[in-house]
J.: 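Shown below is the structure under consideration.
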Amino acid sequence: MAVSRKVRGFMDQGGWIRRMFETGIVLKARYGEDKVFDLSLGNPVVEPPEQFKRELLRLAEHPVKGMHRYMPNAGYPETRQAVADGLKADTGLPFTGGDVVMTCGAAAALNVVLKTILNPGEEVIILSPYFVEYGYYIDNHGGAAVVVPTGADFQPDLAAIAAAINPKTRAVIINSPNNPSGVVYPAARLRGLGDLLGQKQDENGSEIFIISDEPYRRIIYDGLTYPQVFPHYQNTVVVHSHAKDLALPGERIGYIAVHPSYPHREELVNGLTFCNRTLGFVNAPALMQHAVRALQGVSVDVADYQRKRDYLYGQLTEMGYSVVKPQGAFYLFPRSPTEDDVAFVDALQEWNVLAVPGRGFGKPGYFRVSYCVEDRDLEGAMEGFAGAARRFG
Ligand SMILES: Cc1ncc(COP(=O)(O)O)c(C=O)c1O
């Protein structure tokens, strides 16, 4: 067998999003591209902001000598400083470039953090519904994922997290705005989580990190100011990516930021830099590091996503779907009208609508729809949602 037993098992069991992708290819070949309404992917259809194009043109016309060479593994000092300046403005905390490591997106950043902090068998708490790759990333580095369900509002359930913590707990991964639910965690809940982890560290004589996965931090609605995690807990590591806020998922650019008051900050950053290198990423793409340096405060047009959210939320609730109204990211996570979320998603395919069953995120009985798509795909999917709602009552 070419593939290891473990990887074979993961490939067989996992990958609802990939399965939907493959179903989409089949349906599109059979019925035509414009007859299939694919709401299964988090791949934004919007183009990057104009400023990004201007940066690329500027770099092409005025190249910096040596700009394509190897560099320090943590990234260009100027880019790390620009990220730190942005974080300082957003959080009021005294970040410096030394607190930042540039990475190949959030996926690489999460792997680098987990590789750096995990001893074999240590546990990482993830909150369901969760981004499905977390389980694989934790496994990559010898850790064990411990799944703790969120409440009915998809907010972290502090009592349930407290009950799951033991001396082997090394980290809690949180993700706000959340994929797949779209909810944003309010400051009071983050403060509660910080207090809880601080208390558990003291009780267990252990060190527990919050790994805050924030690729959707700038995709928030209703005039909300992003509730930052950093102010509530010193042992916080934030992972960010420009995949969503600058619509650059294919360019693989993001970063890790360590709380400036974390007591072992220098050792941790050295470890992160070492793991960025030895996991084989070596460094984040040079051209992208040059390009995003001047774009730290820039983001895609969030008003357009909010308009799509309002349309989709309005339509689905009118049809009788039960949905927690999201305040960020670009997903809705409604309750499936039948407990069998796979049967429901299969039924949607009869109308050529693709969505992802909740069990793909550790939460059966729900389904995820992504609205980072063209309006015509959203509008075209409505007949299917209405038909499937009628079928399952
Ligand atoms: C919650 C979450 N974390 C991490 C990632 C990975 O982002 P990146 O493309 O920057 O690796 C995604 C991508 O969709 C995501 O939704």
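Note that the coordinates shown come from a computational prediction; the quantities given were computed from them, not determined experimentally.
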J.: What pairs with Y305 under ring pair (Phe, Tyr, Trp, His ring centres under 6.0 Å), at least two apart in sequence or on another chain?
T.: F330

J.: Would you check if there is a donor-acceptor pair between the side chains of D85 and Q81 at a distance under 3.5 Å?
T.: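 Yes, because at least one side-chain N or O of Q81 sits under 3.5 Å from a partner of the opposite role on D85.
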
J.: Enumerate, atom names and distances included, each donor-acceptor pair closer than 3.5 Å involving a side-chain atom of residues 101-117, sequence neighbours excluded.
T.:
from, atom 1, to, atom 2, distance (Å)
T103, OG1, G105, O, 2.8
T103, OG1, G254, O, 3.4
T103, OG1, Y255, N, 3.3
N111, OD1, N140, ND2, 2.9
N111, OD1, H141, NE2, 2.8
N111, ND2, A107, O, 3.0
T116, OG1, V112, O, 2.6

J.: Taking side chain to side chain donor-acceptor pair (under 3.5 Å) as the cut-off, I'd like each qualifying pair that reaches into residues 375-387, sequence neighbours left out, listed once.
T.: R307-D375, K308-D375

J.: Mind checking whether F95 and F230 have ring centres under 6.0 Å apart?
T.: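 F95 vs F230: aromatic centres under 6.0 Å.
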
J.: Once you round to the nearest 0.5 Å, how far does CD of E214 lie from NE2 of H240?
T.: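 The distance works out to 8.0 Å.
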
J.: Can you pull the side chain to side chain donor-acceptor pair (under 3.5 Å) pairs that have at least one residue in residues 51-66, sequence neighbours excluded?
T.: E55-R58

J.: Closer than 4.0 angstrom, basic N to acidic O: yes or no for R19 and E22?
T.: no

J.: Got a sec, which residues hit ring pair (Phe, Tyr, Trp, His ring centres under 6.0 Å) with H232, two or more places apart in sequence or on another chain?
T.: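 Partners of H232 by the ring pair (Phe, Tyr, Trp, His ring centres under 6.0 Å) criterion come out as none, since no residue qualifies.
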
J.: Determine whether a donor-acceptor pair (N or O, by modelled atom type, separation under 3.5 Å) exists between the side chain of R80 and the backbone of G97.
T.: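 A pair under 3.5 Å: yes.
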
J.: Are the charged groups of K88 and D99 less than 4.0 angstrom apart, N to O?
T.: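 Salt bridge absent between K88 and D99.
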
J.: With a 3.5 Å distance limit and no angle check, can you tell me whether E350 reaches the backbone of D346 through a side-chain donor-acceptor pair?
T.: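 Such a contact is absent between E350 side chain and D346 backbone.
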
J.: Output the distance between atom CD1 (I126) and atom CZ (F361), rounded to the nearest 0.5 Å.
T.: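 I126 atom CD1 to F361 atom CZ measures 12.5 Å (nearest 0.5 Å).
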
J.: Distance check, rounded to the nearest 0.5 Å: D245 atom CG versus I220 atom CD1?
T.: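 It is 11.5 Å, given to the nearest 0.5 Å.
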
J.: I'd like to check the side-chain hydrogen bond (donor to acceptor under 3.5 Å, both in side chains) partners of R368; sequence neighbours left out, ordered by chain and number.
T.: N179

